[in-house]
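Below is one structure, written out as C-alpha cells; the observations come after it.
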Amino acid sequence: MPHAMIADGSLYYEIHGSGSPVVLVHGFPLSARLWESTIAALQGRWKLIVPETRGLARSTGAHNATMARYADDIADLLKHIGETRAVVLVGMSMGGYTALEFFRRHRDRLRALVLVDTHPKPDTPQKAEERRTTALRVLKEGSGIVADVMMPVLFGPHAAPELLDEWRGIISGSPAEGVAAALRAMADRADSVPTLPMIDAPTQVLVGEHDAITTPDMARAMHGAIPGARLDIIPGSGHMLPVEQPRAFEAALSSFLGGLEEV
Ligand code: MLT
C-alpha cells in the first residue's frame, strides 16, 4: 500500500472500493486497522480513503504534528491522489478533533462530517499539562505506558479479551515520537465548541453507549449544538465503536451515508 510525501512526512494510506469519497480517520494512538470491518462493509458502495495519522502506525513526520497539520495532511492527501470531489470525513476521537479542524480550514473540501466517539472541548490546563508530562515519559519509556493508561477505559464491558490484547499490542507498538507528538498536538488543540453552530455540512454524531472517554452525554451536547445533526448511540460499545460493535456501527453509518446525495 502506498505512502505520500507530505510536509516532510511519509504518510501511509489505503484506498478501497469506488463511489463517492469517504475518508476514515482513526483515533489516538491507533491505526488503519480500526476500520478493517468498516472497509469490508462499505467498499462496495463508497470509495474509502484511509490514512494513518502523521507519526503514528506506518506514517512518519511526527516532528511536524499539530492538529492543523493533521487536517492539512488530509487535504494534501486528497490532492496527491487526485481526488477533487468534496469528501465525507469520518473522524474517531482524535480523528474527530482533526475533522473539526478540517471543517475550519478546508470547508470547500467537505461533503459531510461523521464525528465518532469524540467531543469539541479543548483540554483543561491540567489535562494539557498531564499530556505534556506523558509525552516526555513516552519518549523515555515507550508507548506501552499509554496502553497502560488507556486500556482500562478504552473498551466497554462486553469487549472480547482477544480484542483488548490486539489493541494493547497496537498501542504499545506505536512509534514513541509520534505518540508524544500527538499528545502535544491534542494539548494545544483549539476549542471547537464555538465552531459547532457554524457547521453547515450534514453531520452525524456516533457514540458507544458505554464510552467512558467521550461519553454519550458529551455526544448529546455536541449533537444539540450542530444544526440538523443526527445522533446515533450504539448499545453495547465503549470508545472503540468501529471494532466493538462493527455491525451496528456500519449500519448507522451506512444509513447516514445513504441519505446523502451522490457526488
Ligand atoms: C482518542 O481516542 O483519540 C483519544 O482518547 C482522545 C483523547 O485522548 O482526547
Side-chain angles (χ1 to χ4, degrees), residues 23-35 38 50-57 59 62 65-67 69-71 73-74 89-102 113-135 137-138 143-156 159 163-164 166-168 170-175 178-193 205-208 210-219 221-222 234 237-245 249:
V23 183
L24 304 175
V25 183
H26 64 78
F28 167 83
L30 310 177
S31 73
R33 177 97 175 82
L34 182 75
W35 306 113
T38 315
V50 191
E52 285 184 335
T53 301
R54 168 178 297 274
L56 298 178
S59 291
T66 61
M67 211 48 72
R69 185 63 252 167
Y70 290 160
D73 283 343
I74 295 168
L89 187 49
V90 181
M92 184 265 182
S93 204
M94 185 177 82
Y97 307 160
T98 305
L100 290 165
E101 191 67 52
F102 189 90
L113 264 180
V114 181
L115 300 170
V116 184
D117 295 322
T118 192
H119 73 102
K121 291 190 180 171
D123 280 354
T124 60
Q126 188 194 346
K127 176 79 181 172
E129 204 40 50
E130 266 172 40
R131 292 218 209 247
R132 292 196 180 93
T133 306
T134 308
R137 281 192 60 205
V138 166
S143 301
I145 62 160
V146 170
D148 292 343
V149 172
M150 288 185 83
M151 287 312 295
V153 284
L154 205 51
F155 287 87
L163 203 54
L164 271 70
E166 180 190 353
W167 284 96
R168 175 179 279 285
I170 291 173
I171 295 171
S172 303
S174 272
V179 171
L183 284 163
R184 292 199 199 94
M186 288 194 283
D188 292 339
R189 75 187 186 278
D191 183 359
S192 291
V193 173
V205 174
L206 278 150
V207 68
H210 302 298
D211 189 337
I213 298 179
T214 54
T215 63
D217 278 350
M218 291 157 88
M222 180 165 70
I234 307 296
S237 182
H239 190 61
M240 294 287 278
L241 184 47
V243 294
E244 283 189 73
Q245 291 294 338
F249 170 71

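As the structure is a computational prediction, the values presented were derived from the model and not from experiment. Computed from heavy atoms alone, side chains included, the values below leave out hydrogens, waters and symmetry copies. Atoms within each ligand, like the ligands themselves, are counted from 1 in listed order.
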Exercise for the section: Verify side chain to side chain contact (heavy atoms under 4.5 Å, CB included) between Val243 and Glu166, making sure each step is shown before the conclusion. Expected result: CA-CA 11 Å; Val243 294; Glu166 180 190 353; over 6 Å; no
Exercise for the section: Could you tell me whether a side-chain N or O of Glu244 sits under 3.5 Å from a main-chain N or O of Ala159, the two making a donor and an acceptor? Expected result: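 No: the side chain of Glu244 does not pair with the backbone of Ala159.
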Practice task
Work out which heavy atom in Ala187 is nearest to a heavy atom in Arg132; give both atom names and the distance.
Solution key: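 Shortest heavy-atom contact: CB-NH2, 3.9 Å.
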Under 3.5 Å, which donor-acceptor pairs do the side chains of residues 114-124 form with other protein atoms, sequence neighbours left out?
from, atom 1, to, atom 2, distance (Å)
Asp117, OD1, Gly208, N, 3.0
Thr118, OG1, Ser93, O, 2.8
His119, ND1, Lys121, N, 3.2
His119, NE2, Tyr97, OH, 3.2
Asp123, OD1, Arg131, NH2, 3.0
Asp123, OD1, Arg189, NH1, 2.8
Asp123, OD1, Arg189, NH2, 3.4
Asp123, OD2, Arg131, NE, 2.7
Thr124, OG1, Lys127, N, 3.0

Problem - Contact check, side chains of Val179 and Phe28, non-hydrogen atoms, under 4.5 Å - result: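 Yes; the side chains approach each other to less than 4.5 Å.
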Provide, line by line, the atom pairs where ligand 1 and the protein bring an N/O atom each to a distance under 3.5 Å; else say none.
from, atom 1, to, atom 2, distance (Å)
ligand 1, 2 (O), Ser93, OG, 2.7
ligand 1, 2 (O), His239, NE2, 2.8
ligand 1, 3 (O), Phe28, N, 2.8
ligand 1, 3 (O), Ser93, OG, 3.0
ligand 1, 3 (O), Met94, N, 2.8
ligand 1, 8 (O), Arg131, NH1, 2.8
ligand 1, 9 (O), Tyr97, OH, 2.4
ligand 1, 9 (O), Arg131, NH2, 2.9

Exercise for the section: Using the side chain to side chain contact (heavy atoms under 4.5 Å, CB included) rule, take Glu130 and Val149 through it: C-alpha gap first, then chi angles, then the decisive distance, then the call. Expected result: CA-CA 12 Å; Glu130 266 172 40; Val149 172; over 6 Å; no
